[in-house]
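Every heavy atom of this structure was used, including side-chain atoms; hydrogens, water molecules and symmetry mates were not. One-based numbering, in listed order, for ligands and for the atoms of each.
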Amino acid sequence: MTAARLIAVAALVFGPVAYAPGAEKLNILFVAVDDLRPEFGAYGAPYVKSPNLDRLAARGFTFNRAYCQQAVCSPSRSSLLTGTRPDTTKVWDLVTHFRTALPDVVTLPQLFKNNGYFVQGMGKIYHGGYDDPPSWSVPWTNARRPQYASAENKAIVERSKAAAATEGKKGKALNKAARGRAYESADVPDNTYQDGGIAELVIQALRDIKAKNQPFFLAVGFIKPHLPFVSPKKYWDLYDPKTIALAPNPFRPKGAPPYAVLPGGELRAYHDIPAGHIPDDLARTLKHGYYAAISYMDAQLGKVLDEIDRLGFRDNTIVVLWGDHGWKLGEHDAWCKHSNVELDTHAPLLISVPGLATDGRRSDALVEFVDIYPSLAELAGLPLPKHLEGTSFAPVLREPKTRWKSAAFSQYPRQANGQRLMGYSMRTDRYRFTRWVERDHPDRFVAAELYDHQIDSQENQNIADDPTNAALVARLTEQWKKGWRGAAPSRR
Ligand SMILES: [Ca+2]
C-alpha cells in the first residue's frame with residue numbers, strides 16, 4: 001500500500017488527518033466584505049443576524065481591535081494587498097493604481113502564485129475597475145448583476161439618467177448621476193444581486209479546484225453591505241424597524257477641527273437623501289437596510305463555507321475575512337466612512353487556521369490590516385518579501401494575551417481652507433491621537449485631536465487642547481513621531 005493510500009485509509013478510519021506543518025500546504029480562502037463595520041453577532045451585537053460570520057468566529061479567531069490604514073475602499077485594499085501603507089502605495093484616492101508607484105511589487109495573492117499556488121480572484125478584491133492581472137493564475141472574474149431589482153428603483157434610475165443626459169452629462173458622469181434610492185427590499189431570489197452570483201461562482205470554482213490537486217488561494221469579494229442597501233425582502237424581514245436604535249451621538253466630535261468628520265457625501269448621491277441632518281425615520285430605514293444587507297451577504301458566505309466543508313477543505317484551509325473599513329450610521333451626525341475616527345478605521349477581522357486551537361478565541365491586541373499579508377505568508381510557510389510594512393500576527397493567534405503593537409496607524413487626506421492636509425491617526429490601547437499636518441510639508445503642524453477611550457469610546461470630545469493634558473499630548477506626540485516602526489512588537 002502506498003503512503004498516500006495509507007493516509008487515505010487512516011483518514012477514513014480516524015477522521016480527517018490533522019494538519020502538520022511542512023506536511024501539506026494550507027489553502028487560503030480570503031474573503032473581503034465591502035463596508036462591513038464590526039457590528040454583528042461575533043462583535044457583541046446579537047441583534048444583527050449574522051449566523052455565518054459568527055460560525056466563522058466560533059471556529060476561528062476574532063480580532064477585537066483591527067484597524068485599516070485608510071478608511072475608504074481602494075486605499076485600504078491597496079495597502080492590505082501589497083502589505084504596505086498608503087504613503088508607500090501612494091493610493092490615497094479612488095483613481096490611482098498602486099502599480100504606478102510600485103510597478104514591481106509582489107502582491108499577497110501574487111506571492112502565493114509565485115510559490116506554486118493556484119490563485120483566483122472573484123468579486124470586489126481590488127477597488128472598482130482597478131484589477132491587477134499579475135495577482136492571479138487565471139483572469140479575475142465577477143458576477144455582473146443589475147444594482148436594483150424593484151420597478152420603482154429602475155424607474156428612478158431611468159429618470160435621473162435622462163435628466164443628467166439633458167444636462168449634457170456623458171459616460172462615467174452620466175452613470176454616476178443615475179442613482180436610485182439608497183435602499184431596496186425586493187421579493188427576489190439571492191442571485192438577483194451580485195453577491196448571490198458571487199457565491200455561485202465561488203462554489204463552482206471550489207469544485208474545479210478540487211479536481212486540480214494543487215494548493216489554492218481563492219480571493220472572494222462580497223459587495224454588501226456597501227451602498228445601496230439592496231437585498232431580498234426575506235433579509236429585511238429578519239428585523240423589526242421599531243427595535244432599531246438610532247445613533248446615541250448625533251453631533252460632531254466637540255472641539256475637533258470641522259474637517260475631521262464630514263456628513264457623508266457618498267450617501268447624498270442617492271435619490272431623495274437630504275443634504276443636512278437625516279430625519280429619524282429615514283435613518284431607521286437606512287440602518288434597517290444596512291443590517292439586512294449584512295444578513296444577505298452573510299447567507300452567501302454561508303453557502304461558501306458549506307461548500308468548503310462539503311469538499312473536505314475545512315481541515316487544510318485557512319479562512320480569513322475582513323471588512324475593508326468601518327462605517328458611520330448616523331454617529332457624529334454623519335454617514336459612510338472617509339475619516340480617521342474609530343468608527344471608520346476599526347474593522348472586522350476573523351481568521352480560522354487549521355492546526356491552531358483558535359476556536360472561538362479572541363484578542364484585544366492592536367493589529368493592522370497591513371499585518372494580514374505577512375501573517376498569511378507565515379502561516380502558509382512562505383518566505384516574507386522585504387518590502388512589507390506590517391508584522392505577522394501569528395504569535396497572537398497562538399497566545400491571544402501576547403504583548404503586541406503599542407499602536408495602530410491610519411490616515412486620511414483632506415482639503416480644507418485652501419490647504420492640502422493629511423491627518424495621521426494613532427490608536428493606542430487607551431487613546432486615539434490624530435495630528436493634522438500639511439500634506440506637502442508634513443513637519444508643519446495644523447491641528448490635533450485626542451480622545452480617551454477609557455471614558456469616551458465614541459470619540460465625542462476632543463481633549464487635545466485642554467491645558468491639563470499638555471504632558472499627555474507631548475508624550476503621545478513623541479510616540480506618534482516614531483510612527484508604525486516605533487510601535488512594532490519585539491519578536492523573539
Ligand atoms: Ca469599502
Would one find an N, O or S atom of Cys73, in either backbone or side chain, under 3.0 Å from the Ca ion (ligand 1)? yes

Carefully, step by step, assess Asn153 and Arg181 under the rule side-chain hydrogen bond (donor to acceptor under 3.5 Å, both in side chains). CA-CA 6 Å; Asn153 267 322; Arg181 291 197 188 280; 4.9 Å; no

Name of the Asp34 atom (N/O/S only) found closest to the Ca ion (ligand 1): OD1

Please note down the angle at the Ca ion (ligand 1) between OD1 of Asp35 and OD1 of Asp324, to the nearest 10°. 90°

Under-4.0 Å salt bridge between Arg439 and Asp87: no

Applying the side chain to side chain contact (heavy atoms under 4.5 Å, CB included) test to Lys49, which of Phe40, Tyr239, Tyr291 qualifies? Tyr239

Could you tell me whether Phe217 and Phe30 have their ring centroids closer than 6.0 angstrom? yes

Whether His325 has an N, O or S atom under 3.0 Å from the Ca ion (ligand 1): yes

